[in-house]
Amino acid sequence: QVQLVESGGGLVQPGGSLRLSCAASGRTFYTYFMGWFRQAPGKEREFVAAIRGSSTNYADSVKGRFTISRDNAKNTVYLQMNSLTPEDTAVYYCNAQPPTRAYDYWGQGTQVTVSS
């Protein structure tokens with residue numbers, strides 16, 4: 001089983017940067033699809049970024065601004081967010097799926113607020 005704990009959210013000014021972290025349990029972390037989703041109040045949760053191995057995928061809205069990465073030795077996935085705008089304000093959730101995609105694990109979420 002996988003447990004996910006996000007951290008690193010907070011208040012940042014437009015144009016600023018934040019780095020989110022997701023600490024995962026389990027010794028098979030490196031084989032999982034790892035991703036970030038976000039959800040603003042009253043809106044549906046949307047895909048942000050994902051990584052498996054060295055392959056990455058990004059939503060069009062964050063391409064060129066966000067970078068997803070992982071440190072397998074630390075069982076941690078990161079989301080580096082640059083050039084933040086108020087449209088990025090949301091609760092960000094870490095997601096994990098095994099290669100079979102038979103399960104879908106979620107963290108508790110971390111709030112990101114972009115405001116002047």
Side-chain angles (χ1 to χ4, degrees):
Q1 296 185 5
V2 174
Q3 291 180 297
L4 306 172
V5 180
E6 302 101 327
S7 62
L11 176 65
V12 64
Q13 294 182 338
S17 298
L18 283 174
R19 189 179 75 161
L20 306 183
S21 299
C22 174
S25 65
R27 299 171 66 177
T28 59
F29 166 81
Y30 69 96
T31 70
Y32 276 54
F33 294 93
M34 301 296 300
W36 289 94
F37 291 71
R38 65 187 182 186
Q39 186 170 23
K43 299 181 65 176
E44 294 184 354
R45 189 171 298 184
E46 65 175 342
F47 170 79
V48 176
I51 186 170
R52 184 169 187 251
S54 297
S55 298
T56 59
N57 189 29
Y58 298 92
D60 288 342
S61 60
V62 306
K63 286 181 179 178
R65 300 189 298 120
F66 291 11
T67 302
I68 188 169
S69 62
R70 65 197 302 164
D71 186 334
N72 292 331
K74 296 181 179 180
N75 278 5
T76 301
V77 63
Y78 304 96
L79 184 67
Q80 178 67 47
M81 305 185 294
N82 299 326
S83 301
L84 286 163
T85 76
E87 300 301 315
D88 297 314
T89 296
V91 176
Y92 284 70
Y93 295 92
C94 184
N95 171 259
Q97 288 186 334
T100 62
R101 296 188 179 271
Y103 302 97
D104 204 3
Y105 302 96
W106 295 94
Q108 83 287 348
T110 184
Q111 176 72 48
V112 172
T113 302
V114 185
S115 176
S116 60

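Throughout, residue positions are numbered sequentially from 1 according to the sequence presented.
Between Tyr58 and Ala49, the shortest heavy-atom contact is CD2-CB, 3.6 Å. Nearest heavy-atom pair across Leu18 and Leu84 is N-CD1, 3.9 Å. Here the closest non-hydrogen pair linking Val91 and Gln111 is CG2-OE1, 3.2 Å. When every heavy atom of Ser69 is checked against every heavy atom of Val77, the shortest pair comes out as O-CG2, 3.0 Å. Residues Ala96 and Met34 share a closest heavy-atom pair of CB-SD, 3.5 Å. Taking all atoms of both residues into account, the shortest heavy-atom contact from Pro14 to Ser116 is CD-N, 3.6 Å.
The side-chain contact (heavy atoms from CB on, under 4.5 Å) check on Gln3 picks up Ser25, with sequence neighbours excluded. The salt bridge (charged side-chain N to carboxylate O under 4.0 Å, His left out) search around Glu46 returns Arg38, not counting sequence neighbours. Remark: Lys43 engages no residue in a salt bridge (charged side-chain N to carboxylate O under 4.0 Å, His left out) (not counting sequence neighbours). Residues satisfying the ring-ring contact (aromatic ring centres under 6.0 Å, His included) test with Phe37, not counting sequence neighbours, are Phe47, Trp106. For Arg65, the salt bridge (charged side-chain N to carboxylate O under 4.0 Å, His left out) partners two or more places apart in sequence, or in a different chain, are Asp88.
The OG1 atom of Thr56 sits 9.5 Å away from the NZ atom of Lys63 when rounded to the nearest 0.5 Å. Atom OG of Ser17 is separated from atom CZ of Phe66 by 9.5 Å, given to the nearest 0.5 angstrom.
Looking at heavy atoms from C-beta onward, Tyr32 lies in side-chain contact with Tyr105 at the 4.5 angstrom threshold. Taking 4.5 Å as the limit, every side-chain heavy atom of Glu6 sits out of range of all side-chain heavy atoms of Leu20.
If you chain together hydrophobic residues whose side chains sit under 4.5 Å apart, Val2 and Tyr103 fall into the same group. Under the 4.5 Å side-chain heavy-atom criterion for Ile, Leu, Val, Met, Phe, Trp and Tyr, Ile68 and Tyr93 are members of distinct hydrophobic clusters. Both Val62 and Val12 are part of a single hydrophobic cluster, where members link through side-chain heavy atoms under 4.5 Å apart.
The residue from Val5, Thr76, Thr110 that alone fulfils the side-chain contact (heavy atoms from CB on, under 4.5 Å) condition with Ser21 is Thr76.
With 3.5 Å as the limit, one finds no donor-acceptor pair spanning the side chains of Gln97 and Asn95.
Residue Tyr78 is found outside any hydrophobic cluster, as its side-chain heavy atoms come under 4.5 Å of no other Ile, Leu, Val, Met, Phe, Trp or Tyr.
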